Amino acid sequence: MQNRISIDHRVMGGVPCIAGTRIPVTTIVGLLGQGYTADDILQDYPTLSHEDILAALRFAAAAVDERELPLRMTA
């Protein structure tokens, strides 16, 4: 995943993108969430590979996993 996702302040303002492109990870994950298949995405974005889509999903999963949740104080 590390070599497939790039974060560079000079590209898309530092938004995580598929390396070598200006396609944000959030675009890929969002399309999958809307019901697009990997094949649909590959057809719309021919510069991507199946491995790029999997890397985007792994990156998104890791980002959610790192999120800190506030503790609720109960009475």
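All figures in this text were calculated on a predicted structure; none of them were measured in a lab.
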Engineer: Indicate every side-chain donor-acceptor pair of residues 15-30 with a distance under 3.5 Å to a residue at least two apart or in another chain.
Structural biologist:
residue : atom : partner : partner atom : Å
Thr21   : OG1  : Ile18   : O            : 2.7
Thr21   : OG1  : Ile23   : N            : 3.0

Engineer: The criterion is salt bridge (charged side-chain N to carboxylate O under 4.0 Å, His left out); which residues satisfy it with Asp8, sequence neighbours excluded?
Structural biologist: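 Applying salt bridge (charged side-chain N to carboxylate O under 4.0 Å, His left out) to Asp8 gives Arg10.
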
Engineer: Any chain of hydrophobic side-chain contacts (each under 4.5 Å) joining Leu32 to Phe59?
Structural biologist: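 Per the 4.5 Å side-chain linkage, Leu32 and Phe59 are co-clustered.
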
Engineer: Under 3.5 Å, side-chain donor or acceptor atoms of residues 46-53 against the rest of the protein: list the pairs with distances, not counting sequence neighbours.
Structural biologist:
residue : atom : partner : partner atom : Å
Ser49   : OG   : Glu51   : N            : 3.4
Ser49   : OG   : Glu51   : OE1          : 3.4
Ser49   : OG   : Asp52   : N            : 3.2
Ser49   : OG   : Asp52   : OD2          : 3.2
Asp52   : OD1  : Arg4    : NH1          : 2.8
Asp52   : OD2  : Ser49   : N            : 2.9

Engineer: Using distance only, find each side-chain donor-acceptor pair of residues 37-44 under 3.5 Å and give its atom names and separation, not counting sequence neighbours.
Structural biologist:
residue : atom : partner : partner atom : Å
Thr37   : OG1  : Asp39   : N            : 3.4
Thr37   : OG1  : Asp40   : N            : 3.0
Thr37   : OG1  : Asp40   : OD1          : 3.4
Thr37   : OG1  : Asp40   : OD2          : 3.2
Asp40   : OD2  : Thr37   : N            : 3.0

